[in-house]
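Right, one structure below, let's go through it.
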Amino acid sequence: MNVRITINGVPYERDVDTRTLLAYFLRDHCGLTGTHIGCDTSSCGCCVVVLDGETAVKACSMFAVQADGHEVMTVEGLAQGGTLHPLQQAFWDQHGLQCGYCTPGMMLTSYALLKQNPDPSEADIREGLAGNLCRCTGYQNIVKAVQQAASSMRAPASAAS
């Protein structure tokens with residue numbers, strides 16, 4: 001089946017088997033390897049991408065044909081013009097990563113969370129990240145990173161008021 005998906009602002013058109021999972025489509029058909037595959041059962045959250053600018057989805061549990069006609073953002077789409085996205089900067093500043101395997105999914109889940117709730121409490125962040133597993137950190141620095149990013153992302157709106 002032929003699918004057309006806009007990924008990080010770039011249109012991709014590919015012929016795929018209808019059973020191709022979105023995670024494998026991104027990695028194998030588009031060369032975007034930032035979407036990690038951890039468990040293939042939708043348990044770990046390493047494969048999270050953002051659908052249509054606001055919804056976090058696990059790319060290992062969605063077929064590429066289901067994304068036909070939609071926009072997908074991967075971790076490669078966060079930085080703009082060589083400038084780190086506030087989430088990327090915050091994960092760096094707050095040491096919210098160790099091995100980095102879960103980091104793309106954590107960042108994109110956080111991105112969607114912050115689109116829906118720009119000023120989340122610690123409990124909101126922990127609940128929002130509940131579907132993402134990390135074997136290396138203790139989650140505390142990840143939570144701090146999301147809090148920093150939330151503050152940074154709100155700052156321009158506050159300055160304009």
Side-chain angles (χ1 to χ4, degrees), residues 1-92 96-118 120 124-137 139 141-143 145-146 149-150 152-153:
M1 181 172 180
N2 186 272
V3 296
R4 295 179 184 151
I5 305 171
T6 301
I7 305 166
N8 303 326
V10 177
Y12 287 80
E13 184 173 350
R14 303 283 191 273
D15 286 318
V16 297
D17 186 298
T18 54
R19 299 172 299 170
T20 301
L21 294 171
L22 181 57
Y24 290 99
F25 176 81
L26 295 168
R27 294 179 63 81
D28 300 340
H29 295 272
C30 303
L32 299 168
T33 58
T35 301
H36 294 165
I37 299 166
C39 67
D40 266 341
T41 63
S42 77
S43 298
C44 73
C46 289
C47 66
V48 170
V49 296
V50 176
L51 187 67
D52 295 330
E54 60 187 50
T55 305
V57 298
K58 292 182 178 178
C60 77
S61 64
M62 181 177 188
F63 294 112
V65 296
Q66 291 175 292
D68 186 34
H70 291 274
E71 293 183 18
V72 171
M73 182 172 68
T74 68
V75 72
E76 291 94 343
L78 279 175
Q80 297 295 314
T83 302
L84 294 178
H85 185 277
L87 273 164
Q88 292 169 309
Q89 187 64 55
F91 269 73
W92 176 268
L97 53 100
Q98 284 182 18
C99 84
Y101 202 79
C102 71
T103 305
M106 289 284 187
M107 285 185 187
L108 291 169
T109 300
S110 299
Y111 179 91
L113 169 68
L114 295 176
K115 288 287 268 188
Q116 295 170 9
N117 181 356
D124 294 334
I125 294 168
R126 288 185 182 279
E127 181 179 336
L129 294 176
N132 295 72
L133 301 177
C134 177
R135 294 181 61 184
C136 300
T137 67
Y139 296 96
N141 288 347
I142 292 171
V143 172
V146 177
S152 296
M153 291 168 71

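Atoms considered below: every heavy atom in the structure, side chains included; atoms not considered: hydrogens, waters and symmetry mates. Small disclaimer: the values here were computed from a predicted structure and weren't measured.
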State the [atom1]-[atom2] distance between [X] and [Y], to the nearest 0.5 angstrom.
{"X": "Ser61", "Y": "Gln66", "atom1": "OG", "atom2": "CD", "answer": "8.5 Å"}
{"X": "Asp68", "Y": "Glu13", "atom1": "CG", "atom2": "CD", "answer": "9.0 Å"}
{"X": "Leu129", "Y": "Ser110", "atom1": "CG", "atom2": "OG", "answer": "4.5 Å"}
{"X": "Met106", "Y": "Phe91", "atom1": "CE", "atom2": "CZ", "answer": "7.0 Å"}
{"X": "Thr6", "Y": "Tyr12", "atom1": "OG1", "atom2": "OH", "answer": "10.0 Å"}
{"X": "Thr41", "Y": "Lys58", "atom1": "OG1", "atom2": "NZ", "answer": "8.0 Å"}

Mind checking whether [X] and [Y] have side chains closer than 4.5 Å, heavy atoms only?
{"X": "Val75", "Y": "Thr35", "value": "no"}
{"X": "Val72", "Y": "Phe25", "value": "no"}
{"X": "Leu114", "Y": "Pro120", "value": "yes"}
{"X": "Glu127", "Y": "Leu113", "value": "no"}
{"X": "Leu32", "Y": "Asn8", "value": "yes"}

Does Gly34 offer a backbone N or O that forms a donor-acceptor pair with the side chain of Glu76 under 3.5 Å?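 Yes, because the side chain of Glu76 sits within donor-acceptor range (under 3.5 Å) of the backbone of Gly34.
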
Any donor and acceptor pair, going by atom type alone, linking the side chain of Asp52 with main-chain N or O of His70 inside 3.5 Å?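 Such a contact is absent between Asp52 side chain and His70 backbone.
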
Is it true that atom CZ of Arg4 has more than 12 heavy atoms of other residues, nucleotides or ligands lying nearer than 6.0 Å?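 For Arg4, atom CZ is not crowded (no more than 12 foreign heavy atoms under 6.0 Å).
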
Under 6.0 Å between the ring centres of Tyr111 and His85?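 Here the rings of His85 and Tyr111 have centres that are less than 6.0 Å from each other.
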
Minimum-distance pair of heavy atoms, taken over all atoms of [X] and [Y]:
{"X": "Gln98", "Y": "Thr137", "answer": "NE2-CA, 3.9 Å"}
{"X": "Tyr101", "Y": "Gly38", "answer": "CE2-CA, 4.1 Å"}
{"X": "Ala149", "Y": "Pro86", "answer": "CB-O, 3.8 Å"}
{"X": "His29", "Y": "Arg14", "answer": "O-NE, 2.8 Å"}
{"X": "Ala112", "Y": "Thr55", "answer": "CB-C, 4.3 Å"}
{"X": "Ala56", "Y": "Leu108", "answer": "CB-O, 4.4 Å"}

Apply side-chain contact (heavy atoms from CB on, under 4.5 Å) to Leu78 and Met73, showing your working. CA-CA 8 Å; Leu78 279 175; Met73 182 172 68; 3.9 Å; yes

Going by atom types alone, do Asp17 and Tyr24 pair a side-chain donor with an acceptor below 3.5 Å?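 No - no donor-acceptor pair under 3.5 Å links their side chains.
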
Verdict with supporting geometry, Phe63 and Thr20, side-chain contact (heavy atoms from CB on, under 4.5 Å): CA-CA 6 Å; Phe63 294 112; Thr20 301; over 6 Å; no

